[in-house]
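Source: prediction; values computed, not measured. Here is how names work: the chains are called A, B, and so on, in the same order as the sequence lines, proteins then strands, and each is numbered from 1.
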Number of protein chains: 2
Amino acid sequence: MVTIKDVAQAAGVAPSTVSYVLSGSRKISDATRAAVQAAVDELGYHPNAGARSLRSTRTGVLALALPLPARGYLPVGGRFMYGLSEAAGQLGYLVLLVTPPGEEDPDAGLERAARSRFADAAVIMGVQMEDPRIDAMRALDFPVALIGRPADESAAPWTDLDWDEAALVAVRALHEAGHKRVCYLATVEEDVRARRSYSVRGIRGAERAAAGLGTSVDVCHSTGDPAELFGRLDARLDSAEAPTAFAVQHPAAIPGILRHLAARGIEVPRDVSLVAVGSFPEDLGGLDVTRVELPVARMSAAVTRLAADAVEAAAPGTPAGGATPHTLIAPHLIRGATVAPAP
Amino acid sequence: MVTIKDVAQAAGVAPSTVSYVLSGSRKISDATRAAVQAAVDELGYHPNAGARSLRSTRTGVLALALPLPARGYLPVGGRFMYGLSEAAGQLGYLVLLVTPPGEEDPDAGLERAARSRFADAAVIMGVQMEDPRIDAMRALDFPVALIGRPADESAAPWTDLDWDEAALVAVRALHEAGHKRVCYLATVEEDVRARRSYSVRGIRGAERAAAGLGTSVDVCHSTGDPAELFGRLDARLDSAEAPTAFAVQHPAAIPGILRHLAARGIEVPRDVSLVAVGSFPEDLGGLDVTRVELPVARMSAAVTRLAADAVEAAAPGTPAGGATPHTLIAPHLIRGATVAPAP
DNA sequence: CTGAAAGCGCTTACAG
DNA sequence: CTGAAAGCGCTTACAG
């Protein structure tokens with residue numbers, strides 16, 4: 001293994017000088033710098049991560065706390081892992097995955113990562129309105145940034161799509177097309193039950209939209225079981241007051257829903273209109289759905305920035321800065337081919 | 001921060017004794033062990049990861065080298081990240097994501113992770129038939145395990161679905177249903193061009209199946225652009241020798257393909273049969289496709305095991321063990337509702 | 001059965 | 001502009 005001593009010897013300087021050249025925290029003569037740089041390149045030197053973090057209390061790693069994938073695979077989780085890894089790389093961080101070890105103690109993995117200093121900060125996914133992980137990390141004085149807007153918005157830095165507004169935008173698009181009876185298909189019920197922020201806010205947005213617009217909005221919870229989901233849709237469609245439009249906050253289910261509707265002889269948008277809430281493009285297989293997309297790349301960049309800032313803010317000697325920052329992203333309706341005037 | 005000294009003091013023993021209790025590498029009296037354990041629990045002590053790795057040259061981390069997500073998001077990548085994080089946790093490892101920093105140097109991130117000892121071993125995804133990352137890691141004496149079967153099967157430990165066989169099984173199912181003209185829709189062309197192992201082997205399996213069974217198999221490359229893909233399918237369907245069946249090694253595209261066929265008035269399986277090669281259940285939105293699934297959980301467990309074993313094998317004092325191990329998983333056809341006798 | 005001591009590879013005040 | 005030295009928190013031979 002190549003150490004700083006090897007580089008120092010090769011360059012004819014002291015190890016501390018190599019360190020200063022690499023960190024840039026001291027003025028170094030051009031000759032010395034060039035000699036050190038040459039030795040570094042020559043030997044392929046990379047500072048030992050363990051030694052560096054032991055000494056400097058910086059690891060260059062962000063821990064990503066994943067939600068329990070118990071209810072099956074979450075496409076959105078995978079998408080965020082990519083986005084985060086990329087955004088983090090841009091800021092010089094690596095991303096460490098932290099999965100909950102079991103049902104009974106959902107933040108044991110995260111707590112271990114924090115206490116053992118595997119990372120400088122945690123990025124929390126699948127944020128709940130009242131998320132115990134936030135308090136757990138605060139108790140450890142461990143910096144966090146959230147993908148998701150908690151009930152207490154000053155609890156920690158966060159970024160999110162404005163889900164209340166997204167649901168409103170979707171319902172309004174249907175309302176403006178003349179639909180009087182809209183079914184809001186919310187996230188899977190496990191998410192509703194866990195009070196995930198996007199679930200709660202999406203539903204709330206739909207209810208507010210109903211109240212504000214005078215449209216009848218029937219909120220229905222989705223499920224990962226397609227047969228069960230189609231049963232719920234059928235119950236709605238067979239009722240006396242059948243909806244003429246759906247707003248769907250479960251993008252992974254949309255291809256299946258469209259197939260199911262087609263099998264029932266229902267054509268979209270001729271017979272029924274549909275808007276997706278919080279979809280991402282890769283989901284839809286080229287299907288031109290009217291939608292509000294989840295801005296994964298922007299959210300990944302934002303949360304990485306917030307996490308990096310939280311690391312700086314937690315450093316000793318930093319003044320206890322004012323308000324807790326956040327990045328709220330306004331929804332943007334993309335008009336596709338799945339909304340038509342109400343029959 | 002709680003250190004081993006704090007624990008030692010609280011328990012009234014020497015720091016080294018605490019270390020031995022935690023590692024279990026020395027006989028300790030019950031009384032001492034209990035006192036140490038109580039102090040550990042009381043103080044919430046977790047050993048500092050940097051210090052531990054500096055001293056022991058073990059990090060407890062596996063680096064996951066992701067393929068470039070340049071052509072858009074790969075659902076399968078996300079699925080493996082979950083699977084790996086879970087399997088690794090079971091063996092006491094955490095997973096660090098390593099994304100290629102840019103096009104020009106696809107293993108710079110991995111090389112840095114290895115040289116800086118951020119991890120004990122690398123798990124490589126999106127393995128190419130001749131993968132430069134394998135040689136790069138070998139040059140550093142850094143243990144690896146592959147998700148994908150390289151051309152040189154003794155280059156490194158690997159696990160994979162038997163893709164040759166999977167394509168054969170799929171084509172044979174269609175052959176047995178009487179289909180004489182099968183179109184094998186291979187992976188996206190970027191994967192073919194990069195000579196990803198699953199691409200090359202899937203195509204090879206299809207070609208062998210054709211030769212062995214006497215079925216005409218037309219190999220066609222998929223693409224992430226749905227419009228372009230549908231164009232390619234149309235060209236086949238409009239030709240004089242139109243296929244009566246498809247074997248599709250691009251599961252994410254299947255919902256779109258089925259919709260496109262339906263729009264052309266082609267009903268599956270009445271008019272055209274279809275088998276998915278390497279799908280995973282979450283992909284299909286409840287669609288009962290005849291398929292060979294990608295065993296993500298088994299592969300994740302296998303590659304983690306291989307990586308952990310490679311770490312042990314690389315430890316000084318370990319005899320240079322014999323053959324390079326691998327875990328080849330036989331394909332298994334799941335009969336769904338998308339294959340019918342040829343018209 | 002337990003402890004005192006060396007040292008892993010860095011960074012950063014301290015000194016010149 | 002550069003160097004010598006201390007020390008981060010552990011693990012593990014060495015000693016008893």
Checklist entry - What about S16(B): does its side chain form a donor-acceptor pair under 3.5 Å with the base of dA5(C)? => result no
Next on the checklist: Once hydrogens and angles are ignored, does a donor-acceptor distance under 3.5 Å link the base of dG7(C) to the side chain of R55(B)?
Outcome noted: yes
[X] atom [atom1], over 12 foreign heavy atoms within 6.0 Å:
X: R115(B); atom1: CZ; value: yes
X: E153(A); atom1: CD; value: yes
X: E130(B); atom1: CD; value: yes
X: D30(A); atom1: CG; value: no

Checklist entry - On DNA chain C, nearest-nucleotide positions of A51(B) versus V13(B): which is more 5'? => result V13(B)
Any sub-3.5 Å donor-acceptor pair from [X]'s side-chain atoms to [Y]'s backbone N or O?
X: Q128(B); Y: A194(B); value: yes
X: S53(B); Y: T59(B); value: no
X: S116(A); Y: A49(B); value: no
X: D6(A); Y: T3(A); value: yes
X: S25(A); Y: Y20(A); value: no

Checklist entry - Closest approach of A114(A) and M137(A), non-hydrogen atoms and distance? => result CB-SD, 3.9 Å
Proximal nucleotide (of [options]) relative to the [X] side chain:
X: T17(B); options: dC1(D), dG3(C), dG9(D); result: dG3(C)
X: A14(A); options: dC1(D), dA4(D), dT2(C); result: dA4(D)
X: N48(B); options: dA4(C), dG9(C), dG9(D); result: dG9(D)
X: P47(A); options: dC1(C), dA5(C), dC10(C); result: dC10(C)
X: Y45(B); options: dC10(D), dC10(C), dT2(D); result: dC10(D)

Expressed in angstrom and rounded to an integer, what is the separation of [X] atom [atom1] from [N] atom [atom2]?
X: M1(B); N: dC8(D); atom1: CE; atom2: P; value: 12 Å
X: I4(A); N: dC8(C); atom1: CD1; atom2: P; value: 14 Å
X: K5(B); N: dA4(C); atom1: NZ; atom2: P; value: 12 Å
X: H46(B); N: dC10(D); atom1: NE2; atom2: P; value: 12 Å
X: R117(A); N: dC10(D); atom1: CZ; atom2: C1'; value: 16 Å
X: L22(B); N: dT11(D); atom1: CG; atom2: P; value: 7 Å
X: L54(A); N: dC10(C); atom1: CG; atom2: C1'; value: 8 Å
X: R33(A); N: dT2(D); atom1: CZ; atom2: P; value: 9 Å

Checklist entry - Do the side-chain N or O atoms of S25(A) get closer than 4.0 angstrom to the phosphate oxygens (OP1, OP2) of dT11(C)? => result no
Next on the checklist: Measuring to OP1 and OP2 of dC1(C), would you say a side-chain N or O of T32(B) lies under 4.0 angstrom away?
Outcome noted: no
Would you tabulate the pairs of protein nitrogen or oxygen atoms and nucleotide nitrogen or oxygen atoms of nucleotides 14-16 of chain C closer than 3.5 angstrom?
| residue | atom | partner | partner atom | Å |
| --- | --- | --- | --- | --- |
| dC14(C) | N4 | R26(A) | NH2 | 3.3 |

Item to check | DNA chain D base-pair string [pairs: Watson-Crick or G-U under 3.5 Å; |: paired with another strand] | outcome: |||.||||||||.|||
Checklist outcome for this item: Nearest-nucleotide check on DNA chain D, S23(B) vs G50(B); residue mapping nearer the 5' end is G50(B)
Next on the checklist: Taking any heavy-atom pair under 4.0 Å as a contact, classify S19(B): base, sugar-phosphate, or nothing.
Outcome noted: base
